[in-house]
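Order of listing sets the numbers, starting from 1, for every ligand and every atom in it. Predicted, not measured: the structure shown is a model, and the values here were computed from it.
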Amino acid sequence: MRADLLRLVPDESRVSEVGSVLEQHGADLSYHQPHLPDAVVFPETTEEVSAVLSYANEAGIPVVPFGAGTSLEGHVIPLRGGISLDLTRMNRIVAVRAADLNATVQAGVTRSQLEAAAGPHGLWFPVDPGADATLGGMAATNASGTTTVRYGGMRAHVLALEVVLADGRVVRTGSRAVKTSAGYNLTELFVGSEGTLGVITELTLRLHPIPDEIVVARAAFPSVESACRAAAAIIGAGVLVTRCELLDSVTIGALNAYKGTSFPESPYLFIETSGDVSAVRELAEDEGATAFESETDPAARTRMWDARHNALHASLALAPGSKAMTTDVAVPFSELAAAMEHARTLLDSSGLRGGIVGHVGDGNFHVAFLLDPDDEASVARAEALNAAVVEDALARGGTCTGEHGIGFGKLAYLADEHADLVPLYRGIKDLLDPAGILNPGKVVP
Ligand SMILES: Cc1cc2nc3c(=O)[nH]c(=O)nc-3n(C[C@H](O)[C@H](O)[C@H](O)COP(=O)(O)OP(=O)(O)OC[C@H]3O[C@@H](n4cnc5c(N)ncnc54)[C@H](O)[C@@H]3O)c2cc1C
């Protein structure tokens, strides 16, 4: 295979079969068991991606697109070997069009690279998953983050895509206009398709003006429920909230140990607003908030958010060497407090260690529990707990995944949530990838 690939990507350093490179592309941060690809290819142009896919399609070789590899449901693990197609060398910012409030980037550009390019124009790209992911990977998982409550996730930001299909054809969806009614919405089909329908090589993304005034506030609450009620009251009062995040007391304890901070070990709400912070304080204190602090200085704000962004790594540090299983349910806003309390009860009675963090502004929360992936009993207990959290979310009118996607870790939950749609997904997959080479075993069983 290497000789064939070197004819298509004629650079020894960009076609690798080195053990450490294969290992890096055969695992993720999650509990899912690794599986190595046979080769890793680092294309630099759309033409190279097209040539590799056309070859693999003819030869029936699986191809797994790879961005930053930060996804959490085994998405990038090449279950059947083949080629891991690493897009990180396609990392060129093609254009920042300040007047149009958009930018075009290659798929391997990371969100922080785009932020650095947009900033000098007074613009920013708000979608901020906790890892510095690639924009191709973020589109492929329909990622979102702390600002979704105000700006929406990836689907709200992708205007146009360049995609290489399984047989090597290159297609362009959408346009640079902010809206279009032209034809079926294939842009939104490829967003969230997890590398199973095509390889995204270029994206045109919406940007936003950086708000003039930003205040970050945080406060401790007597319970998760009171913190959720405060969040609902603040958003319901029409305060312009750009971020609204909840960390439970176990996660706060883990952060104190990991970062040397000394927060009181109770649930915390982190809120960012470009509106009236006194209204935030009043509504939070109505729900029993204490230790209320707020900051406007950019460096101090970054320090405040640092705690939230370190939550997963802090939880993992509670049990060094452990891996995380992370639930990702989202429920209607009115069900959030009860769903989080229920999850905490399930977690406490499971005997597993873990914390709960929530993008409470959009009804999405994560229970991250720690386990040894080689200990079958603890994996089975964690899977049972995960299933119970998902079952509860579905009963409340929610979804099994608000942002992480299906990979292969959530295949069974997708079937529970959308049994009637799975045959349609299969039909779409067969149409776009009849030989089944693109990320096989993910999304569609
Ligand atoms: C600490 C931490 C915090 C996180 N927080 C969040 C969060 O707040 N919100 C959130 O949504 N996620 C979060 N995640 C998960 C992860 O960061 C996102 O899923 C992210 O979008 C993955 O991007 P990536 O570049 O790492 O993609 P990868 O993990 O490399 O790939 C993800 C999937 O997309 C496919 N893919 C990658 N690139 C392309 C491409 N160019 N074309 C087609 N398919 C492609 C892959 O085959 C795979 O199926 C977090 C992860 C970590 C480790």
Check each heavy atom of [X] against ligand 1 and say whether those closer than 4.0 Å belong to the side chain, the backbone, both or neither.
X	answer
Ser71	both
Lys442	neither
Ile200	both

Next item on the list: Tell me, please, whether Phe42 has Arg14 positioned over its six-membered ring: NZ or CZ under 6.0 Å from the ring centre and within 45 degrees of its axis?
Entry: no
Among protein heavy atoms, which sits nearest to [atom], and what does the distance come to when rounded to 0.1 Å?
atom	value
atom 22 (C) of ligand 1	Thr70 OG1, 3.4 Å
atom 34 (O) of ligand 1	Ala140 CB, 3.2 Å
atom 48 (C) of ligand 1	His75 CB, 3.4 Å
atom 53 (C) of ligand 1	Leu29 CD1, 3.3 Å
atom 19 (O) of ligand 1	Thr141 OG1, 3.5 Å
atom 50 (C) of ligand 1	Leu72 CD1, 4.0 Å
atom 25 (O) of ligand 1	Thr134 OG1, 2.7 Å
atom 46 (C) of ligand 1	Pro65 O, 3.0 Å

Should you measure from each heavy atom of [X], which atoms of ligand 1 turn up under 4.0 Å away?
X	answer
Asn439	47 (O), 49 (O)
Ala143	11 (O), 21 (O)
Ala107	41 (N)
Val199	42 (N), 43 (C)
Leu87	40 (C), 41 (N)
Met138	21 (O), 23 (O)
Val76	28 (P), 29 (O), 30 (O), 31 (O), 48 (C)
Gly198	43 (C)

Is it the case that [X] and [Y] place a side-chain donor and acceptor less than 3.5 Å from each other?
X	Y	result
Thr401	Asp328	yes
Thr251	Asp248	yes
Asn439	Thr196	no
Thr104	Arg97	yes
Glu245	Trp305	no
Ser112	Asp132	yes
Thr242	Arg150	no
Ser266	Ser249	no

> CD of Gln33: more than 12 outside heavy atoms within 6.0 angstrom?
Replying inline: yes
Q.
With a 6.0 Å cut-off (strictly less than), is the heavy-atom count around CD of Glu58, excluding the residue itself, greater than 12?
A. no
Q: Could you tell me whether Asp4 and Arg7 make a salt bridge, using a distance below 4.0 angstrom between a side-chain N and a carboxylate O?
A: yes
Report task. Identify whether the distance between the nearest side-chain nitrogen and carboxylate oxygen of Asp38 and Arg2 falls below 4.0 Å. Result -> no
Are Trp124 and Thr147 close enough that some pair of their side-chain heavy atoms sits under 4.5 Å apart?
->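 Of all side-chain heavy-atom pairs linking Thr147 with Trp124, at least one is under 4.5 Å.
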Counting only heavy atoms, tell me which of Val49, Leu316, Leu312 gets closest to atom 2 (C) of ligand 1.
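Result: the heavy atom closest to atom 2 (C) of ligand 1 is in Leu312.
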Filtering Gly67, Gly402, Ser144 for the heavy atom nearest atom 11 (O) of ligand 1 leaves Ser144
Is the closest N or O pair between [X] and ligand 1 shorter than 3.5 Å?
X	result
Gly130	yes
Ala68	yes
His313	no
Gly69	yes

Within the structure, is a non-hydrogen atom of His359 found at a distance of less than 4.0 Å from ligand 1? yes
contact_flag Gly153 ligand 1 heavy-atom lt 4.0 Å:
no
- prompt: Stepwise, does the salt bridge (Lys or Arg N to Asp or Glu O under 4.0 Å) test hold for Glu293 with Arg218?
  reply: CA-CA 6 Å; Glu293 306 167 74; Arg218 68 182 173 208; 3.0 Å; yes
Arg301 side chain vs Glu272 backbone, donor-acceptor pair below 3.5 Å |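 Checking the backbone N and O of Glu272 against the side chain of Arg301, no donor-acceptor pair under 3.5 Å is found.
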